[in-house]
Structures are given as structure tokens and as C-alpha cells.
Amino acid sequence: MIERTLSLIKPDAVQRNLTGEILAMIQGAGLKVVALKMIHMTKAQAEGFYAVHRERPFFDSLTDYMSSGPVVCSILEGEDAIHRYRELMGATNPEKAAEGTIRKKYAVSLEANSVHGSDAPETAAFETRYFFSAFEIV
Ligand code: CMP
């Protein structure tokens, strides 16, 4: 099934000028970029995005980090895109990420793990709408 998923290139990776290399890995894996922009979230916007993690002990630190600098948001489209992008990202904890994944190559810590991708069709629907209007998706 053709799916769409939300990708974020997080502040640690944008700040280290890795946007182009990460987008090249995404496109090299055959995922199509159908929307793209750079934003700098406020703390409140980061809290809204990660609302599902509100009760987790890392929530305050995570939302501070995600609002600490620009992120590059994109919508990726392709067959089984949600699962394929999660495979390409690698495990949330970079110490457990497989060779050849984005997080193995670039992530610096569990929090500053360079990229985010939606984990299911329902979250993909919420997350793509959180960042993009219909006019911004080609
Ligand atoms: P992400 O895939 O964006 O989803 C939630 C984020 O919280 C995760 O990547 C990490 O950046 C961050 N995080 C920090 N600590 C943890 C933790 N213990 N478990 C899961 N995610 C964490």
C-alpha cells in the first residue's frame, strides 16, 4: 500500500549541516519527498507534537531540545513508507541501531537521535497534518 509518513531532521543534525546527507539517504532508499520545509518550533509547538509522551520522564528535556534549533520537516511517500522509513532510521537508541541506518551513522544520543519518523498510520496522519497544510503537499 502506498503510504505517507512524517520525517523530522532534528536540531542536532541540522546544526551539524547533515540535512543534505540525510535527505540523500532517504531518496536513495526510494522514498519520495512530497513536502519539505525548515521551521524552528516553540516549546509549546514541540509539546503539542510530542503530546503522546507528556507523562514520560524525558518529556521536558525532549521538548527543550526539539525547540532549541531548526528542524527540517518532510512528508515521505512510497510503498510501505512508514515501516521502510523506520528501518532506514534505525533503533531509537543509537547504541542499538543497525549498520547502514541514519541513527547509527549520525545520532549522538538517545535524545539527540537526528531523525524522527511516524510509527503507525494514525500517527502519520496526525503528524503530517501538524506540520503541513494540503497546499504544501505536492
Ligand atoms: P522519537 O522517535 O522522535 O520519539 C520520541 C523521542 O524522545 C525519541 O525519538 C528520542 O529523541 C526521545 N527520547 C528521549 N529519551 C527517550 C527514552 N528513554 N525512550 C524513548 N525516546 C526517548
Please work out whether the ring planes of H116 and F49 are parallel, tilted or perpendicular, with thresholds of 30° and 60°. perpendicular
So how far is it from L6 CG to S118 OG, rounded to the nearest 0.5 Å? 5.0 Å
Verdict with reasoning, T63 to M41, per side chain to side chain contact (heavy atoms under 4.5 Å, CB included): CA-CA 9 Å; T63 52; M41 280 188 271; over 6 Å; no
Between K10 and Y65, is NZ or CZ placed under 6.0 angstrom from the six-membered ring centre and within 45° of the ring axis? no
May I ask you to check whether S67 and K43 show a side-chain donor-acceptor distance below 3.5 Å? no
Minimum side-chain heavy-atom gap L76-V33 below 4.5 Å: yes
Side chain to side chain contact (heavy atoms under 4.5 Å, CB included), that's the test. Do F126 and V52 meet it? Break it down for me. CA-CA 11 Å; F126 166 76; V52 61; over 6 Å; no
Correct closest heavy-atom pair for A107 and S114 would be CA-OG, 3.3 Å
Starting at CZ of R84, measure out to CD of E79 and round the result to the nearest 0.5 Å. 7.5 Å
Considering all heavy atoms of both residues, which atom of A29 and which atom of L88 are nearest to each other, and what is their separation? CB-CD2, 3.9 Å
Value rounded to 0.5 Å, distance of CD1 in I82 from CG in L31: 11.0 Å
Does Q15 have more than 12 heavy atoms from other residues, nucleotides or ligands lying within 6.0 Å of its CD? no
